[in-house]
**Q** 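Take this structure, written in structure tokens, and hold onto it; I'll ask about it next.
Keep in mind that the numbers below use all heavy atoms, side chains included, and drop hydrogens, waters and symmetry copies.
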Amino acid sequence: MRLPLLIALMALFTGCSAEKSAMKEALDNGEVYAFKNVHVVPMDAERIMENQTVLVVGDRIHSISDAASAKIPDGAQTIAGDGKYLMPGLAEMHGHIPPPNQSDAYIASVLFMYVANGITTVRGMLGHDGQLAIKARANASEIISPTLYLAGPSFNGGSVNSPEEAVEKVKLQKAEGWDLLKVHPGLTREEFDAMAETANELDIRFGGHVPAEVGLAHAIAMGQETFDHLDGYAIHVDGTNKPASDEAIAEVVKLTVDSGAWVVPTMVLWEHLYGVTPMEAVSDLPELKYMPRQIVASWMNSHRSRLANPGLDLVTSGHRIENRNRILRALNEGGARILMGTDAPQQFSVPGFSIHIELARMADAGMSPFEIFRTGSVYVGDYFKEQDTFGLVAAGHRADLVLLDKNPLENVGNLKAPAGVMTRGRWLSAEDIEAELSSIAARVRG
């Protein structure tokens with residue numbers, strides 16, 4: 001036998017043995033699941049793969065095969081998928097993780113609420129000292145949590161007072177292991193440029209707001225990757241207090257697409273901040289029962305003050321909201337890369353639950369269910385492709401999955417009340433989710 005062929009056969013045999021050993025270990029540990037006879041929504045295209053069996057081993061999707069011929073290993077835990085739909089877990093790309101000085105119970109409840117609503121990835125956009133330890137525990141599945149990627153403490157007018165301080169702050173956060181830098185308002189152009197140049201040299205990404213002195217076009221030119229809340233866009237098209245022109249919106253869409261920048265719209269939050277949301281619309285949200293009373297009271301007081309402000313101009317606020325809708329519509333139609341996010345938890349954006357209202361606003365901007373869901377799945381996987389493989393229902397992808405009773409491509413509202421969620425191969429049934437949510441509500445009531 002020729003030596004190369006012998007080596008190839010030995011490698012094949014060794015590989016098969018290793019795979020069998022890994023499978024046995026996973027079975028012994030209860031880490032093998034089979035979703036039987038499920039309709040798969042892979043999100044690689046707008047399509048449904050009917051009557052499939054999806055095998056999960058450890059934290060990875062192992063295989064997808066026709067249910068009629070699928071071989072399920074003895075000892076695998078089976079999940080009935082008859083008539084149900086399996087899609088990738090979604091992402092909150094402008095979320096917040098409580099700082100470590102909050103109680104363990106509150107931190108755990110926030111992370112759980114994300115998962116309960118099908119959010120299996122969170123990009124935390126305001127870091128705190130000690131928060132990387134929470135990330136380590138979450139990503140090691142020591143607690144029920146989405147996979148976390150965290151920005152460090154904010155770069156803003158209060159935390160940075162010179163270009164030299166900006167440089168040192170970038171170096172420190174890179175050394176500490178943060179995933180990206182968070183930009184807030186208040187930086188001078190010189191401070192922003194020092195931050196951006198150092199970040200580019202050290203290969204750490206940065207995103208968030210657009211400081212007034214910097215401006216959207218310059219921030220894009222300096223390599224800012226994500227633009228959150230659309231406030232920088234509204235200012236750029238001179239649409240802060242009046243209707244923006246179609247030409248200005250078309251120009252900023254082209255700038256975004258040509259640069260490859262990402263946009264995280266967070267539409268609903270700004271409806272609250274601009275005072276166009278009536279008090280009864282937020283005070284009656286059923287998910288408020290899962291938030292600590294003092295936080296809800298703070299939100300209520302802030303909104304009452306906002307609505308009672310004699311300077312509130314609902315005509316101007318209406319222009320601002322409509323401009324944001326037009327910008328989002330144009331970005332989507334122009335092929336810009338949009339990422340799902342709500343800025344939870346704050347101002348009535350309850351972790352996980354807030355995504356359902358946000359999806360409806362994205363639909364109002366003309367986005368189809370497929371276009372909306374890819375902003376939280378395949379696009380997020382693309383954004384984080386250097387860190388991991390996820391975002392599709394496909395072999396080799398991280399086992400972040402949501403099981404639904406109805407087809408999500410027909411209506412974004414079908415994401416509500418999932419039949420179960422899997423995060424990094426850990427399965428939570430609807431019963432598991434409801435039980436824990438009930439416990440969270442009981443703790444809040446005291």
Side-chain angles (χ1 to χ4, degrees), residues 91-119 122-131 133-135 137-138 143-146 148 150-151 153-154 156 182 184 208-209 228-229 264 266-309 340-358 361 416 433-446:
E92 167 62 87
M93 287 295 283
H94 193 112
H96 293 285
I97 308 303
N101 63 1
Q102 299 287 326
S103 71
D104 289 344
Y106 177 61
I107 294 170
S109 68
V110 167
L111 297 175
F112 184 86
M113 283 190 284
Y114 282 125
V115 174
N117 288 275
I119 302 298
V122 171
R123 188 180 70 149
M125 287 300 287
L126 185 59
H128 300 271
D129 290 342
Q131 207 174 56
I134 297 175
K135 172 189 170 182
R137 292 181 61 216
I143 50 179
I144 298 174
S145 170
L148 302 181
L150 301 183
S154 167
N156 59 68
K182 167 65 181 288
H184 256 137
H209 293 255
D228 302 43
H229 314 307
V264 189
T266 67
M267 303 295 280
V268 176
L269 173 67
W270 292 86
E271 295 177 11
H272 303 334
L273 297 180
Y274 286 148
V276 302
T277 310
M279 195 71 208
E280 59 270 18
V282 291
S283 59
D284 292 338
L285 289 171
E287 58 264 29
L288 293 178
K289 65 186 175 185
Y290 303 119
M291 295 298 296
R293 290 178 177 177
Q294 66 271 25
I295 291 179
V296 175
S298 174
W299 292 350
M300 294 288 188
N301 291 335
S302 293
H303 203 57
R304 287 192 191 95
S305 297
R306 194 176 294 124
L307 297 181
N309 184 351
M340 186 179 290
T342 73
D343 205 351
Q346 68 150 311
Q347 295 296 312
F348 305 102
S349 291
V350 176
F353 293 92
S354 59
I355 207 70
H356 303 295
I357 310 174
E358 189 73 21
R361 293 300 183 274
K416 292 181 180 179
I433 291 169
E434 183 55 38
E436 182 57 26
L437 288 177
S438 296
S439 296
I440 292 172
R443 286 199 299 270
V444 168
R445 290 194 301 269

**Q** I need the minimum non-hydrogen distance between Met291 and Trp299, along with the two atoms involved.
**A** CE-CH2, 3.9 Å
**Q** Do the ring planes of Phe353 and Tyr290 sit parallel (below 30°), tilted (30 to 60°) or perpendicular (above 60°)?
**A**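 Ring orientation, 0 to 90° scale: parallel.
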**Q** Are Ser349 and Asp343 side-chain neighbours, meaning at least one heavy-atom pair lies under 4.5 Å?
**A**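 SC-SC contact between Ser349 and Asp343 ruled out.
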**Q** Test side chain to side chain contact (heavy atoms under 4.5 Å, CB included) on Val350 and Leu285; report intermediate values, then the result.
**A** CA-CA 9 Å; Val350 176; Leu285 289 171; 5.9 Å; no
**Q** Do Arg293 and Arg445 come close enough that some side-chain heavy atom pair is under 4.5 Å?
**A** yes
**Q** CE of Met279 to NE2 of His303: how many Å apart, nearest 0.5 Å?
**A**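 Reported to 0.5 Å precision, the distance equals 6.0 Å.
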**Q** So how far is it from Ile143 CD1 to Leu111 CG, rounded to the nearest 0.5 Å?
**A** 5.0 Å
**Q** If I take atom CG from residue Asp228 and atom CG from residue Leu269, how far apart are they, to the nearest 0.5 angstrom?
**A** 11.0 Å
**Q** Give, for atom NE2 of His128 and atom OG of Ser154, the distance between the pair rounded to the nearest 0.5 Å.
**A** 10.0 Å
**Q** Please lay out, stage by stage, how Arg361 and Glu271 fare under the test side chain to side chain contact (heavy atoms under 4.5 Å, CB included).
**A** CA-CA 11 Å; Arg361 293 300 183 274; Glu271 295 177 11; 2.6 Å; yes
**Q** State, to 0.1 Å, how close Leu288 and Ser283 come at their nearest heavy-atom pair, and which atoms those are.
**A** CD1-O, 4.0 Å
**Q** For Ile433 and Ala116, which heavy atoms make the closest approach, and how far apart are they?
**A** CG2-CB, 3.6 Å
**Q** Can you tell me how far apart NE2 (His272) and OG (Ser302) are? Round to the nearest 0.5 Å.
**A** 12.0 Å
**Q** Check Ala151 against Lys182 and note the closest heavy-atom contact, atom names and distance.
**A** CB-CB, 3.9 Å
**Q** Tell me, with the steps shown, if Glu436 and Val115 meet side chain to side chain contact (heavy atoms under 4.5 Å, CB included).
**A** CA-CA 11 Å; Glu436 182 57 26; Val115 174; over 6 Å; no
**Q** How many angstroms lie between NE2 in His96 and OG1 in Thr342, if you round to the nearest 0.5 Å?
**A** 8.5 Å
**Q** If you look at every heavy atom in Leu150 and Lys135, which pair is closest and at what distance?
**A**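 Answer, listing the atom of Leu150 first, then Lys135: CD1-CB, 3.7 Å.
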**Q** Any side-chain donor-acceptor pair under 3.5 Å between Ser438 and Glu434?
**A**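 Side chains of Ser438 and Glu434: pair found under 3.5 Å.
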**Q** Counting C-beta onward and ignoring hydrogens, is there a side-chain heavy-atom pair between Arg306 and Gln347 closer than 4.5 Å?
**A** yes
**Q** Between Gly95 and Tyr114, what is the shortest heavy-atom contact and its length?
**A**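 Looks like CA-OH, 3.9 Å.
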**Q** If the plane angle is over 60° it's perpendicular, under 30° parallel, otherwise tilted; pick one for His209 and His94.
**A**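 His209 vs His94 ring planes: perpendicular.
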**Q** Evaluate the side-chain proximity of Phe348 to Ile357: yes if any heavy-atom separation is below 4.5 Å, no if none is.
**A**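 No, their side chains stay 4.5 Å or more apart.
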**Q** Do Val444 and Lys289 have side chains that get closer than 4.5 Å, going by heavy atoms?
**A**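 When only atoms from C-beta onward are counted, Lys289 and Val444 do not touch, as no gap falls below 4.5 Å.
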**Q** Can you give each donor-acceptor pair under 3.5 Å made by side-chain atoms of residues 100-109, sequence neighbours left out, with the distance rounded to 0.1 Å?
**A**
from   : atom 1 : to     : atom 2 : distance (Å)
Ser103 : OG     : Tyr106 : N      : 3.0
Ser109 : OG     : Ala105 : O      : 3.4
Ser109 : OG     : Tyr106 : O      : 2.8

**Q** Can you check whether Gln131 reaches Leu148 side chain to side chain, under 4.5 Å on heavy atoms?
**A**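 When only atoms from C-beta onward are counted, Leu148 and Gln131 do not touch, as no gap falls below 4.5 Å.
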**Q** Under 4.5 Å between any side-chain heavy atoms of Phe112 and Ile440, yes or no?
**A** yes
**Q** Run the side chain to side chain contact (heavy atoms under 4.5 Å, CB included) check on Glu92 and Ser354 step by step: do they pass?
**A** CA-CA 10 Å; Glu92 167 62 87; Ser354 59; 4.3 Å; yes
